[in-house]
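Contents: one structure, followed by commentary.
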Amino acid sequence: MAGSRILAMGHYQPSRILTNDDLAQMVDTNDAWIRDRVGIVTRRIADAESVADMATAAAAKALAASGLAASDIDLVTVATCSSVDRCPNVATRVANRLGITAPAAYDLNTACSGFSYATATADQAIRAGAARNALVIGAEKLSDVTDWTDRSTCILFGDAAGAAVLGEVADGDQPGVGPVVWGSAPDKGDVLKIEGWRPYIQQEGQAVFRWATTALAPLALAACAKAGVKPEELAAFVPHQANTRIIDAIVRKLNIPNAVVAKDIVESGNTSAASTPLALSKLIERREVPSGAPVLLFGFGGGLTYAGQVVRCP
Ligand code: UT7
């Protein structure tokens, strides 16, 4: 196969909004510090909904928008680092609820870079002829693994899911998912952990910040080069939504004057593997990126891991 392209996207967020003022009632923080240092104003928190519930809701929207039937999907993959249940995995639960009867179904955990890893593996399966159409989902219930007494982390995270339907591209047609640039910095793994039982997020924020603002821009540019897309041709840049200061620092190094830069973090917080599909799905919903235009996705975080690729907007 020549490759794959994104046919449609969808997203889901729980209805409960947690404001900075709400957090100031719980820990020693304030709205001004959070806005200045991170850029977050609100985040959504799931109550009864599980990772699988949110993943299913986002995937159902993407599937409906794609025009495909459940029976057309032969691969389902869910990127998540916060699913509490180990087995059945989230992917099979989503498939079952959507009536996808016998797909290849796997979860993938590279934390905040998960959606780009899952998109790459689904694209590679399609290229290899192992699948025709794939549901690729990023879904997180980080509120389950948040220490709500730790002000350095609990102000950062939110719950959400974002999903894409990938379909095969006929020979001779332009692929819509570019080659991935992916990797990790395993020696730095301890600076962001969700470890032990009961697990919760622990982060050396400054160490992650330094890595993100120094190591990642050249890798994002490498993803453009691999796709044969000049940075100035990008219509949108959708980086992991961890901190507006990190996003701005990376953007300054990219030369992307024509790109809409996603800043969904302001209203959604950091939703780890859900953050880039959530942000891209919203840009598409608001018609901020033309169909067919090149978009750079770039995820990074726990592990430390990173992955990015240029995709064509559905
Ligand atoms: O998604 C995975 C990838 N993760 C990231 O990319 C996160 C990267 N790191 C960051 O975004 C930032 O490091 C944070 C937002 C996590 C923290 O911001 P910072 O500017 O690095 O703050 P800091 O940790 O250096 O703390 C500065 C001060 C400290 O007080 P002192 O020691 O200077 O008196 C903290 O105790 O701010 C204090 N502080 C807070 N103050 C009010 C820490 N958290 C808070 C808070 N409210 N919530």
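Just follow the structure's listing: the first ligand is 1, and inside any ligand the first atom is 1.
Classification of the Y306-F298 ring pair by plane angle, with boundaries at 30° and 60°, yields parallel.
Note that atom 29 (C) of ligand 1 has no protein non-hydrogen atoms nearby, at separations under 4.0 angstrom. Distance remark: protein heavy atom present below 4.0 angstrom from atom 25 (O) of ligand 1. Checking atom 33 (O) of ligand 1 against the protein gives no heavy-atom contact under 4.0 Å.
Contacts between T153 and ligand 1, counted as non-hydrogen atom pairs separated by less than 4.0 Å, are absent for every part of the residue. Proximity of N243 to ligand 1, defined as any heavy-atom pair under 4.0 Å, is confined to the side chain (atoms from C-beta onward). Neither the backbone nor the side chain of A212 has a heavy atom within less than 4.0 Å of ligand 1. Contacts of L192 with ligand 1, taken as heavy-atom pairs under 4.0 Å, involve the side chain alone.
Interface atoms of ligand 1 facing I246, defined by a heavy-atom separation under 4.0 Å, are 6 (O), 8 (C). Counting the atoms of ligand 1 from 1 in the order shown, those under 4.0 Å from a heavy atom of C112 are 1 (O), 2 (C).
Across G301 and L192, no two heavy atoms sit closer than the pair C-CD1, 4.1 Å.
Looking at Q206, R245, R210, it is R245 that brings a heavy atom closest to atom 18 (O) of ligand 1. Of the candidates Q203, R151, E204, it is R151 that places a heavy atom closest to atom 35 (C) of ligand 1. For atom 5 (C) of ligand 1, the nearest non-hydrogen atom from the set N30, V27, V208, V38 comes from V208.
In summary, K282 and E267 engage in a salt bridge, as defined by a charged side-chain N under 4.0 Å from a carboxylate O. One finds no salt bridge joining D248 and R252 here, because no Lys/Arg side-chain nitrogen approaches an Asp/Glu carboxylate oxygen to under 4.0 Å. Ionic pairing of R286 and E288 is present here: one or more N-O contacts between side-chain nitrogen and carboxylate oxygen are shorter than 4.0 angstrom.
What sits closest to atom 39 (N) of ligand 1 on the protein, heavy atoms only, is W33 CZ2, 3.4 Å. Ranking protein heavy atoms by distance to atom 46 (C) of ligand 1, first place goes to T29 OG1, 3.3 Å. Among all non-hydrogen protein atoms, the one lying nearest atom 1 (O) of ligand 1 is N270 ND2, 2.6 Å.
With no hydrogens or angles considered, no side-chain donor-acceptor pair links Y117 and T305 at under 3.5 Å. T271 and S268 form no side-chain donor-acceptor contact under 3.5 Å, judged by distance and modelled atom types alone.
Summarising the local packing, CZ of F209 is surrounded by more than 12 heavy atoms from other residues, nucleotides or ligands at distances under 6.0 Å.
Annotation: G205 places an N or O atom under 3.5 Å from an N or O atom of ligand 1; distance criterion only.
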Q.
With side-chain contact (heavy atoms from CB on, under 4.5 Å) as the criterion, how do D85 and R93 come out once you've worked through the C-alpha distance, each side chain's angles and the decisive distance to 0.1 Å?
A. CA-CA 11 Å; D85 299 335; R93 287 194 160 142; 2.8 Å; yes
